[in-house]
There are 2 protein chains.
Amino acid sequence: MGEITIKHLAETLNVSTATISKALRDSHEISNSTKARVFELAKSLNYRPNPFASGLRRQKSNTIAVILPEIADNFFGQAINGIEEAARQKGYHLLIYLSHDSSEREAFFINDVLGRCVDGLLISISFDGANFSHLDEIQQKLPTVFFDRTYEGSLLHVTNNDYDSAFEATKHLLDGGCRNVAYLAALQTLDNGNQRFKGYLGALQQFGVPFRQELVVDCTNNRDDNYAKLFHLVKNVKPDGIVSSIEKLAKICYHICNDLGVDIPGDIKIISFSNLDCAALLNPSLTTITQQAFEMGKEAATMLFKVLKNSNYEAESKVVKAQLFKRMSTR
Amino acid sequence: MGEITIKHLAETLNVSTATISKALRDSHEISNSTKARVFELAKSLNYRPNPFASGLRRQKSNTIAVILPEIADNFFGQAINGIEEAARQKGYHLLIYLSHDSSEREAFFINDVLGRCVDGLLISISFDGANFSHLDEIQQKLPTVFFDRTYEGSLLHVTNNDYDSAFEATKHLLDGGCRNVAYLAALQTLDNGNQRFKGYLGALQQFGVPFRQELVVDCTNNRDDNYAKLFHLVKNVKPDGIVSSIEKLAKICYHICNDLGVDIPGDIKIISFSNLDCAALLNPSLTTITQQAFEMGKEAATMLFKVLKNSNYEAESKVVKAQLFKRMSTR
DNA sequence: TTGAAAGCGGTACCAA
DNA sequence: TTGGTACCGCTTTCAA
């Protein structure tokens, strides 16, 4: 590589490599005058410490891994922004992995990450996971913060107030007069999916509206399947309101209502969990429960860095509240 | 770390570390029977090579850096997906950096990346760059592929057919009868911004429509500024068509038209470069020039990996064509 | 306050 | 086909 090494610096200044190393780390063992000379030379030669060498020795990399289900998604995109901001402040680097909601890939990455000598992990888990053994394992071996999509066993996590926000969403429709409120379920294998569903049930109960199974659509990761199910829902079950637990499903409903000539909000009011930045521009504009994605990412990263600093840590969790934006789709 | 090392394996099998190392790399020097024993043991103990150690020795990391202006953006989100897919296939890891369109940050990252011992770099450059010296430098020291946002000096790059697609976009409006076609300029410091503008000019010329400076709005990274300029454009200059070189500006126009009661497409037709996945759901649905972001990312990564494999390389470029989706906003 | 030297875990050369 | 060993660049202990 022909890069400048500590040895070069040592030879140039006629001191030992040990002295250089200590000086660069601003050790108290080294005199100020020596430090000054070392710093100056290092700077002028644009010395960059070799991360392999220091990593090998110190067993740390100043790098964290981030495992996400996807990235071409407003929520995760914004979350990464938050993570990046926090990481940059602390001088950490970010390794990115996309599970595409496959727990198999996720498990593979986790194994991979364990061998990468990263200092910590930030993860939002995939939803098709049947078991969480790889998650149990990683969290024992590596400081791990779960965010948004967590699982029961997670020690450190940053979540949305899923129950409350789904409750609010459903209440908003009930307040608006809806009595046949459908719920588009997703992420049901995960804690946050569950919480959202419970929030929906809770609101129904508070309003004395009986639960009807046919109003619940269990969605999958297959777009065609979802389309068929939702088409059936809108055409035959005819709810007067829809709470969508994820953005993707709300979009499909818009298409279906367009196709069927169903009026939003006249025939059906729609509210969705969503971080779409153009929700206000939709036809009609979409009422959303918007998670504070940037904040969640930033909080999760911050929690991780705190843990990395203290090394000993206990379970910790943080909730970032979502916001309700009322728009035309529920007017 | 208490991790399994080559030494453990060597002791267990009563062979030398050299033998283990070679066996694991499937060297022809090692007998099949020994290899088999080594592989089996390594597998059963879940041995993971220490990347610092091998990196230190081999001067390669199996990691590439990706520097992007932003990520909570459909284009770049999709592009990363493409990059990730290619990287995963080749067993590479991805380090992500976000410049937020600051060339200062970009230069900082580049310096940082140089010290990280990554094998290569994928970059889409920030638009506020006054000079490109840091880009010249990195491309000499590290295999670097520029994508989407390149600069003149780039040796390896993957771009959009910017001239042609802007030409098409403008032609589409002119074909539709517009004669006062405004152009919302962005990325003017970059090659692709230039090409798009030239495409606009080219189409005007072909139709014999004179260029008018007042129809061109030079946008910045400041939303309020842009809003004011666009407000003035729509309210006072009153174009009958708008070609937006980036998505963000088209969205602002939608808001402004809403506010002013200007009808799209009745009063103004709008077409925009955009990777918005909900373009079809907007009110009215937005006609777009959609770049093949995923493809571009994948191609760029593929080009980089090819170069990494051959080590000696020449200038190479690839163009991925954008697609025109005609929708209601230009009907 | 400084330096000598032993590693960190692999790799690769050379000898056996 | 296998083993011994120097070494990649940096950190850290211990001695000076």
Undergrad: To the nearest Å, give me how far apart CZ (Arg25(A)) and P (dG9(D)) are.
TA: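 Nearest whole value for this atom pair: 18 Å.
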
Undergrad: Could you tell me whether Thr5(A) contacts a base, only the sugar-phosphate backbone, or nothing, with contacts defined as non-hydrogen atoms closer than 4.0 Å?
TA: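 It contacts sugar-phosphate atoms only.
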
Undergrad: According to side-chain hydrogen bond (donor to acceptor under 3.5 Å, both in side chains), who are the partners of Asp191(B), at least two apart in sequence or on a separate chain?
TA: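 Partners of Asp191(B) by the side-chain hydrogen bond (donor to acceptor under 3.5 Å, both in side chains) criterion come out as none, since no residue qualifies.
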
Undergrad: Once salt bridge (charged side-chain N to carboxylate O under 4.0 Å, His left out) is applied, what residue pairs with a partner in residues 148-159 of chain B remain, sequence neighbours excluded?
TA: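 As it turns out, the salt bridge (charged side-chain N to carboxylate O under 4.0 Å, His left out) pairs with a partner in residues 148-159 of chain B, which skip direct neighbours, are Asp101(B)-Arg149(B).
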
Undergrad: Between Lys298(B) and Glu84(B), does any NZ, NE, NH1 or NH2 come within less than 4.0 Å of an OD or OE carboxylate oxygen?
TA: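 A salt bridge is absent here (no side-chain N lies under 4.0 Å from a carboxylate O).
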
Undergrad: Rounding to an integer number of Å, can you tell me how far Ile6(A) CD1 sits from dC8(C) C1'?
TA: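 So the CD1-C1' distance, Ile6(A) to dC8(C), works out to 15 Å.
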
Undergrad: Of all residues at least two apart in sequence or in a different chain, which pass the side-chain hydrogen bond (donor to acceptor under 3.5 Å, both in side chains) check with Glu70(A)?
TA: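 Per chain and number, Glu70(A) pairs via side-chain hydrogen bond (donor to acceptor under 3.5 Å, both in side chains) with no residue.
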
Undergrad: Can you measure Arg116(B) atom CZ to dG9(D) atom P for me and round it to whole angstrom units?
TA: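 So the CZ-P distance, Arg116(B) to dG9(D), works out to 17 Å.
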
Undergrad: Mind running a 4.0 Å heavy-atom check of residues 37-48 of chain B against DNA chain C and sending the residues that fall below it, in number order?
TA: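 Close to the strand are Tyr47(B), Arg48(B).
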
Undergrad: Within the side chain of Ser154(B), is there an N or O that forms a donor-acceptor pair under 3.5 Å with the backbone of Leu156(B)?
TA: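 Answer holds: no.
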
Undergrad: Between P on dG10(C) and NZ on Lys60(B), what's the gap in Å once rounded to a whole number?
TA: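 In whole Å, dG10(C) P lies 16 Å from Lys60(B) NZ.
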
Undergrad: Which parts of nucleotides 1-8 of chain D does protein reach within less than 4.0 Å, heavy atoms only, written one letter per nucleotide 5' to 3' as B for base, S for sugar-phosphate only and - for none?
TA: BBBBBBBB

Undergrad: With a cut-off of 6.0 Å (strictly less than), are more than 12 heavy atoms of other residues, nucleotides or ligands near CZ of Phe108(B)?
TA: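 Not buried by this count: 12 neighbours or fewer within 6.0 Å.
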
Undergrad: Would you list the pairs meeting salt bridge (charged side-chain N to carboxylate O under 4.0 Å, His left out) in which at least one residue belongs to residues 37-52 of chain B, sequence neighbours left out?
TA: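 Matches after skipping sequence neighbours: Glu3(B)-Arg48(B).
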
Undergrad: So does Glu11(A) pair up with Lys7(A), basic N to acidic O under 4.0 Å?
TA: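 No, no charged N to carboxylate O under 4.0 Å.
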
Undergrad: Using whole Å, what does the distance between atom P of nucleotide dT11(D) and atom CZ of Phe52(A) come to?
TA: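 Distance check: Phe52(A) CZ to dT11(D) P gives 15 Å.
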
Undergrad: To the nearest Å, give me how far apart CG (Leu24(A)) and P (dT12(D)) are.
TA: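 Going from CG in Leu24(A) over to P in dT12(D) covers 13 Å.
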
